[in-house]
Amino acid sequence: MRIGYPCINRSIGCSAGRTFRLANYSFQRLIDTIDLNLGCLDEILHDNLANGFLFHRISSDIVPFASHPVCTVDWQSRFADAFAGLGEFVRTHKMRISMHPDQFTLINSPNRDVFERSLRELAYHSDVLDLMGLGADARIQIHVGGIYGDKPAAIDRFVRRYKGLDERISRRLTIENDDRLYTFADCVRIHERVGIPIIFDNLHHGINCSGEPLLEVFAKLSQIWTGRIGIPMTDYSEPLPGGRSGRHAEQIDTGAFHRYLSDTAGYDFDIMLEIKDKEKSAAAAVQIAAEDPRLVIM
DNA sequence: CAGTGTCAAGGTGGA
DNA sequence: TCCACCTTGACACTG
């Protein structure tokens, strides 16, 4: 079990996801921004190691506008050494990396343009992980997509499109149960058709639930995640107290997290903490898990 | 310099 | 058919 937080470290003083407005795009600005972002990612990973956070999600903004037509820079070659260095650090310390393209990445959209743009976005994410030299345990997570008025057809389209993906992308792609449209059971049905692994999100499962008790979910996950793709990746979050459905809590509820660990005893998996205060709650989580035999110690 | 409108990209659901 | 809403952070403009 490894614990981490997504993208942003609030105390380190830099961001690995700096970007700028498209209107201000220039070759130099892009190069400078990527350079700063990679430098900051290096700082973040070192800080994570020092604090026992061996799981990290890299911001999709690490290379701004990477999949946009405006970007004609060969950033892959230009920053190959920097990415390779970061990857070596990750591998040396047995860290795990994920990326999460945002809501515009839709494999199953009936709109061909949306699909094509999504392919370019996924190719960019694959580039980052490939340049880092990471194995198939480094994953790209997306949601299944929209319903478009006909869920079975939308699922069929996902399956068809997935089968046609370049292996370079499909080897890393992973679906996550979302909070409105596709439940864990939906994801399992898709998995059974094409073998794509599932990232389990506990908060989404609470809001958009297909009924499986936690232990049933984890039994399934450990069947799915074996071999080269590693142990299950999961997202853990808690609802914002008194907030609207789906909002994430400001800080971790240590009691709830402790219960979650107890409830899942016997299953090993990695936890991405989607809590607003990021590394602060991650530190609390590591402390809570300190006596858990599953936690990986550096 | 603080405050705030807006940002590449989509989809759903209510009017 | 149109519009608000989803969620997040931060860029960059305004005064």
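To find a chain, count down the sequence lines: A is the first, B the second, and so on, and within it residues start at 1.
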Do any N or O atoms of the protein come closer than 3.5 Å to N or O atoms of nucleotides 1-4 of chain B, and which pairs are they?
none

Heavy-atom count around Asp81(A) CG within 6.0 Å, excluding the residue itself: above 12? no
Do [Y] and [X] meet the salt-bridge criterion of a basic N to acidic O distance under 4.0 Å?
X	Y	value
Arg180(A)	Asp178(A)	no
Arg139(A)	Glu176(A)	no
Arg112(A)	Glu116(A)	yes
Asp270(A)	Arg96(A)	yes
Asp137(A)	Arg172(A)	no
Asp32(A)	Arg29(A)	no

Distance check needed: [N] [atom2] versus [X] [atom1], whole Å only.
X	N	atom1	atom2	answer
Ile207(A)	dT7(C)	CD1	P	8 Å
Asp113(A)	dA9(B)	CG	P	14 Å
Glu176(A)	dT7(C)	CD	C1'	13 Å
Arg157(A)	dG10(B)	CZ	C1'	14 Å
Phe104(A)	dT8(C)	CZ	P	14 Å
Glu250(A)	dT8(C)	CD	C1'	12 Å
Asp235(A)	dT7(C)	CG	P	16 Å
Glu121(A)	dG10(B)	CD	P	12 Å

I'd like to know if the side chain of Asn9(A) and the backbone of Ser11(A) have a donor-acceptor N/O pair within less than 3.5 Å.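 Pair found, side chain donor or acceptor close to backbone of Ser11(A).
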In whole angstrom, give me the gap between the [atom1] atoms of [N] and [M].
N	M	atom1	result
dC5(C)	dG5(B)	P	15 Å
dC11(C)	dG10(B)	P	23 Å
dT8(C)	dG3(B)	P	22 Å
dA8(B)	dC13(C)	P	12 Å
dT6(B)	dC3(C)	P	16 Å
dT12(B)	dG9(C)	C1'	24 Å
dA9(B)	dA12(C)	P	16 Å
dG11(B)	dA10(C)	P	27 Å

Polar-atom pairs under 3.5 Å, protein N or O versus N or O of nucleotides 9-13 of chain C: list them with distances, or write none.
unit_1	atom_1	unit_2	atom_2	d
dC11(C)	O2	Arg21(A)	NH2	2.2
dA12(C)	OP1	Arg21(A)	N	2.8
dA12(C)	OP1	Asn24(A)	ND2	2.6
dA12(C)	OP2	Arg29(A)	NH2	2.6

Which heavy-atom pair separates Ser67(A) from Glu121(A) by the least distance, and what is that distance? OG-OE1, 2.6 Å
In chain order, what residues pass the ring pair (Phe, Tyr, Trp, His ring centres under 6.0 Å) check against Tyr236(A), with sequence neighbours excluded?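 So Tyr236(A) forms a ring pair (Phe, Tyr, Trp, His ring centres under 6.0 Å) with Phe257(A), Tyr260(A).
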Give the stems involving DNA chain C, where a stem is 3 or more consecutive Watson-Crick or G-U wobble pairs (i with j, i+1 with j-1, and so on) under 3.5 Å.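 So the stems come out as B:1-7 with C:9-15, B:10-15 with C:1-6.
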Just one of Leu165(A), Asp166(A), Asp130(A), Leu129(A) clears the side-chain contact (heavy atoms from CB on, under 4.5 Å) bar with Arg171(A), so which one? Asp130(A)
Answer whether the closest heavy-atom distance between the side chains of Val296(A) and Met1(A) falls below 4.5 Å.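 No; the side chains remain at least 4.5 Å from each other.
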How far apart are the C-alpha atoms of Glu192(A) and Lys220(A), what are their side-chain angles, what is the distance that settles it, and do they pass the salt bridge (charged side-chain N to carboxylate O under 4.0 Å, His left out) test? CA-CA 11 Å; Glu192(A) 284 166 353; Lys220(A) 190 75 198 171; 3.7 Å; yes
Cys71(A): which residues meet the disulfide bond (SG atoms under 2.5 Å apart) condition with it, sequence neighbours left out? none
Steps toward side chain to side chain contact (heavy atoms under 4.5 Å, CB included) verdict (Ile199(A), Asp235(A)): CA-CA 7 Å; Ile199(A) 290 187; Asp235(A) 285 349; 4.2 Å; yes
Would you tabulate the pairs of protein nitrogen or oxygen atoms and nucleotide nitrogen or oxygen atoms of nucleotides 11-15 of chain B closer than 3.5 angstrom?
unit_1	atom_1	unit_2	atom_2	d
dG11(B)	OP1	Ser109(A)	OG	2.9
dG11(B)	OP1	Tyr148(A)	OH	2.8
dT12(B)	OP1	Ile147(A)	N	2.4
dT12(B)	OP1	Tyr148(A)	N	2.9

